[in-house]
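Okay, so here's the structure we're looking at.
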Amino acid sequence: KGESIWLAHFLAGLLADWAVIHDRRGDAARATDYRNRRQKLIDAINEHAWDGKWYIRATLDSGETLGSARNRAGKIFLNAQTWALLNETAPDDRAKQCYASARELLFDDVGALLLAPAYDDPTPEVGYITRYAPGLRENGGVYTHAATWAIAAAAKMRDSASVARLLNAINPANKDADRYWAEPYVTPGNVDGPLSPYYGRGGWTWYTGSAAWLHRVIAEWVLGVRPEWDGLRIEPCLPPDWDHVAIQRPYRGARLAISIERDGALAADQIEISVDGKRIEGTLVKPEQLAGAARQIAVRIGR
C-alpha cells in the first residue's frame, strides 16, 4: 500500500520522454494521454508529498511517512530531492528549497549522503537499510549511484561550487589511503557516512554500476554535453577552478572535438558556442548544424 515519491518523480520523466516518442511515431492521442498523466502525477506529488522544506521519500503501508521532518531518523532522503529537479516535477520555489535542504543536510565532504540522520534501530516496515549499522551503505552513507545524481542536480541548479565539492568528494584518486581503505582507482559502491566509526571508508568496489553513471554525469552535466530530442545541448557547469576542458564525442555519424574555455569578458552564466568558427544562437546544437564527418565546437563560458 506504500507509495514511493522519488519513483513518482522518476515516472514523471519517463512519461515526458514517451510522449515525445509517441508524437514522433504519429500517435498524437497517446502522446497527449501521457502528458496528461504526467501532469496529474506532478499535481499529486506536490499536493501530498511536500513536507515544508523538502519532499518526503515515501509512505509506508501503515500510512506513515518516510523521509519527513516528523521522523526521528531518516528525516530527508537524497533521491526524492534530486529527481524532483532532474525531471522538473518541483515548481521553481520548491526546487530551490528542496535543493537548499539537500545541500545543507546531505552534502558532505565524502559525497552526498543517501539519507540523514542514519537509522539506529532496525525497522521492519522501512526495510533492510535499517539493519545496516549507522553510516554504512544506504543507512546514512554515500551510495554512489545517488551521489552521482546529486552532482547532476547541482549542475542543473548552476551551483558550480557544489559540483566541485561533490565531484572531488567521490573521486577515488583524491582519497587518503589509510582512511579510504579501498582501491584508489575504482569507483566504489558506497563510502561510510559521518555516523560510522569508519567514516570515509570505501566499500563494494568492482561491483557497482556507479562508475558508468559517474562518467555519464561528468560528460552530460559537468561538461554539459548531453543529447536531447532536438539536438545536442551544451551547457557546462564546471568547477570554479577548471579553466579549460576538451572532449571528443561521436554524434549521429559526426566526430565532435569540443573545447570549453572560461572567458572573463562573459557574464557568470553566459555561454557562447561556435561550430567550425560560426556562432550559433543558444545552447542547443541542431543535428543539421553537425552534419558531416568532423566538427570543431568552441564553447566559451563566463567566470
Return yes if some donor-acceptor pair links the side-chain N/O of [X] with the main-chain N/O of [Y] below 3.5 Å, else return no.
X    : Y    : answer
R38  : A12  : yes
S210 : H145 : yes
T123 : T130 : no
D33  : A29  : no
Q97  : R94  : no
D51  : W54  : no
N139 : G135 : no
S4   : L7   : yes

Which residues pass the side chain to side chain donor-acceptor pair (under 3.5 Å) test with [X], sequence neighbours left out?
X    : value
R131 : none
D43  : Q39
E104 : none
S196 : D192

Taking atom [atom1] of [X] as the centre, does the number of heavy atoms from other residues, nucleotides or ligands within less than 6.0 Å exceed 12?
X    : atom1 : result
Q289 : CD    : yes
D61  : CG    : yes
R70  : CZ    : no
R37  : CZ    : no
E64  : CD    : no

Please find the pair of heavy atoms, one from [X] and one from [Y], that lie closest to each other, and give the distance.
X    : Y    : value
D108 : L166 : O-CD2, 4.5 Å
P172 : T187 : CG-N, 4.3 Å
P227 : E220 : CD-OE2, 3.9 Å
G231 : P287 : CA-CD, 3.9 Å
A152 : V217 : N-CG1, 3.8 Å
A19  : A31  : O-CB, 3.3 Å

Taking only residues at least two apart or on different chains, which pairs with a member in [range] satisfy ring pair (Phe, Tyr, Trp, His ring centres under 6.0 Å)?
range            : result
residues 167-189 : none
residues 217-273 : none
residues 32-51   : H22-Y34, W50-Y55
residues 103-138 : Y99-F107, Y128-Y132

Contact between [X] and [Y] at the side-chain level, heavy atoms closer than 4.5 Å - yes or no?
X    : Y    : value
V142 : N190 : no
F77  : W6   : no
K75  : P117 : yes

Which donor-acceptor pairs under 3.5 Å do side chains of residues 273-282 form with protein atoms, sequence neighbours excluded?
residue	atom	partner	partner atom	Å
D276	OD1	Q296	N	2.8
D276	OD2	R295	NE	3.4

Once you round to the nearest 0.5 Å, how far does [atom1] of [X] lie from [atom2] of [Y]?
X    : Y    : atom1 : atom2 : value
I129 : L115 : CD1   : CG    : 5.5 Å
H9   : N87  : NE2   : CG    : 9.0 Å
I76  : K53  : CD1   : NZ    : 10.5 Å
L256 : L232 : CG    : CG    : 6.5 Å

Do the side chains of [X] and [Y] join up, straight or via other hydrophobic residues, at under 4.5 Å, putting them in one cluster?
X    : Y    : answer
I170 : L136 : no
L114 : L60  : no
I218 : I297 : yes
V191 : L78  : yes
L85  : L105 : yes

Any residue meeting ring pair (Phe, Tyr, Trp, His ring centres under 6.0 Å) with W204, in chain and number order, not counting sequence neighbours | Y207

Intermediate values then yes/no, salt bridge (Lys or Arg N to Asp or Glu O under 4.0 Å), E88 and K156 = CA-CA 10 Å; E88 300 179 355; K156 186 158 189 175; 2.9 Å; yes

List for me each residue that meets salt bridge (charged side-chain N to carboxylate O under 4.0 Å, His left out) alongside R179, sequence neighbours excluded, and say none if there are none.
-> none

Chi angles and distances behind the salt bridge (Lys or Arg N to Asp or Glu O under 4.0 Å) call for D109, R165 | CA-CA 7 Å; D109 288 340; R165 181 188 183 193; 3.0 Å; yes

Less than 4.0 Å between a side-chain N and a carboxylate O, is that true for D23 and R35?
-> yes

Considering only NZ, NE, NH1 and NH2 on the basic side and carboxylate oxygens on the acidic side, decide whether R300 and E261 come within less than 4.0 Å.
-> no

Among D159, I151, V163, which one satisfies side chain to side chain contact (heavy atoms under 4.5 Å, CB included) with C237?
-> V163

Pair Q81-S101, side chain to side chain donor-acceptor pair (under 3.5 Å): steps then yes or no = CA-CA 9 Å; Q81 319 319 318; S101 296; over 6 Å; no

If a pair satisfies salt bridge (charged side-chain N to carboxylate O under 4.0 Å, His left out) and one of its residues is in residues 6-20, list it, with sequence neighbours excluded.
-> none

